Amino acid sequence: MFDCRCLSTNLVSNGTMKSRRIEFGDINGVDDALSIYGLMIERKPLPNTRLFNNLLSRLVKLKQYTVAISLFRDISILGVSIDNYAMNIAINCYCNSHRVDFGFSMLAAFFKRGYMLDAATVSPLLKGLFQENRIAEAQNLFRKIVREELCEMNNIIFGVVVDGLCKAGNTAMAIQLLRVMEKGSCRPDTHKYNMIIDGLCKDKLLDSAMKLFDEMPHKGIDRDVFTYNVLINGLSTFGQWKEVKALWKEMIDCKIYPNVITFTTVIDALCKEGLVDKAHDLLNIMIQKIMFLL
DNA sequence: GTAGGGTTAG
């Protein structure tokens, strides 16, 4: 845990800097963020909550979750008013540092202040539960949110749950969720199909993966290079070369061009199957493509 | 000038 008491060593304080507008664009690392924080807490009166939230969100983007939590605690002590944005940031930081229970424990204060749950509160909590492999709890929470209409649903919440279910090997439920989404206002998108197709391939359910892939155009969902890559990855892992070849041709016909991942996926699978000559041919094609670009 | 999500290889 980062200790705020060491902040004084990170201060860049002089008279001219103090009068200038705080610039967050210059933050490239945690040291920059702490320097700015040092300047902010020297100001009298203290900057408003939004400015501190801005700094906290920069730390989140830098994945400096424990530092952000320390600063969150520090500004509370300094008397900066804590709003729902700040609390959601702190909850997210706990969830991202495998301390989802701390995130939940913040909800008491959250409700006490009269704040309402929204997608920015619940999606990190759901994600945190899935990441800590607390799958049943995540599913129960999601069901409770839907059943009791605890917050407005959006595509991000569905994204967290589809991802969590797929990674937990529960692709059947992820597909069920896809069907629920089709009937509501948050429609499934390419990314969700890609996640499920990938999950199905990893569970060796290639037929189901192919089925989802086939239904995409009928449902008005565009396929992208990820869609082809995850499916090609699944098919080549299980030596289904005829299908891989067909997909390779199809993607080019659709002007979705194989990228470095497509090439390396197939080359890797060919090598593992002992088809080194074929892998070599593909490598040569790849080199020719690179030469063409140079 | 504020908060939340996700896919492929090695």
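This structure is a prediction, so every number in the text was calculated from the model and none was measured. Basis for what follows: all heavy atoms, side chains included, without hydrogens, waters or symmetry-related copies.
Look at CD1 on A:I82: it is 15 Å from P on B:dA3, rounded to the nearest Å. Rounded to an integer number of Å, the gap from OH of A:Y228 to P of B:dA9 is 19 Å. In this structure, the CD1 atom of A:I156 is 7 Å from the P atom of B:dG5, given to the nearest Å. Taking atom CG on A:L212 and atom P on B:dT7, their separation rounds to 17 Å, with Å as the unit. In this structure, CD1 of A:I197 is placed 14 Å from C1' of B:dG6, rounded to the nearest angstrom. What separates CD1 of A:I22 from P of B:dT2 is a distance of 16 Å, to the nearest Å. Following rounding to the nearest Å, A:L165 (CG) and B:dG5 (C1') show an atom-to-atom distance of 13 Å. For the pair A:M40 CE and B:dT2 C1', the interatomic distance rounds to 11 Å; values are reported in whole Å.
At the phosphate of B:dA3, OP1 or OP2 sits under 4.0 Å from a side-chain N or O atom of A:S57. Distances shorter than 4.0 Å separate some side-chain N or O of A:K167 from OP1 or OP2 on B:dT7. Remark: A:N92 is not in phosphate contact with B:dA3, judged by side-chain N or O atoms under 4.0 Å from OP1 or OP2.
Residues from residues 184-195 of chain A placing a heavy atom under 4.0 Å of any atom in DNA chain B, listed by number, are A:D189, A:H191, A:K192, A:N194, A:M195. Of the residues in residues 125-153 of chain A, those lying under 4.0 Å from DNA chain B by heavy-atom distance are A:K127.
Across all strands shown, A:V60 has heavy atoms under 4.0 Å from sugar-phosphate atoms exclusively, and none from any base. A:I89 comes within 4.0 angstrom of sugar-phosphate atoms only, judged by non-hydrogen atoms across all strands, and of no base. Across all strands shown, A:D118 has heavy atoms under 4.0 Å from base atoms, whether or not it also approaches the sugar-phosphate. Heavy atoms of A:N88 sit under 4.0 angstrom from at least one base atom. Contact annotation for A:N155: base contact, defined as any heavy-atom pair under 4.0 Å involving a base atom. Residue contacts shown for A:N54 include a base, since a base heavy atom lies under 4.0 Å away.
A salt bridge does not link A:D198 to A:K167: none of the charged nitrogens lies less than 4.0 Å from a carboxylate oxygen. Ion pairing of A:D207 with A:K211 is absent here, as no side-chain N (NZ or NE/NH1/NH2) approaches a carboxylate O to less than 4.0 Å. Using a 4.0 Å cut-off between charged side-chain N and carboxylate O, A:K219 and A:E182 make a salt bridge. By the 4.0 Å N-to-carboxylate-O rule, A:E250 lies close enough to A:R223 to be salt-bridged with it. Remark: A:K192 engages A:D189 in a salt bridge, criterion side-chain N to carboxylate O under 4.0 Å.
Between the base of B:dT2 and the side chain of A:N53 there is a donor-acceptor pair shorter than 3.5 Å. In this model, no side-chain donor or acceptor of A:N233 finds a partner on the base of B:dT8 within 3.5 Å.
Partners of A:F263 according to the ring pair (Phe, Tyr, Trp, His ring centres under 6.0 Å) rule, which considers only residues two or more places apart in sequence or in another chain, are A:W248.
Proximity of the aromatic rings of A:F104 and A:Y94 is defined here by a centroid distance below 6.0 angstrom, and this criterion is not met.
Between A:D224 and A:I256 the shortest side-chain heavy-atom distance does not fall below 4.5 Å.
In this model, no donor atom of one side chain and acceptor atom of the other lie less than 3.5 Å apart for A:T49 and A:D83.
In this structure, A:D32 contributes its side chain and A:S35 its backbone to no donor-acceptor pair below 3.5 Å.
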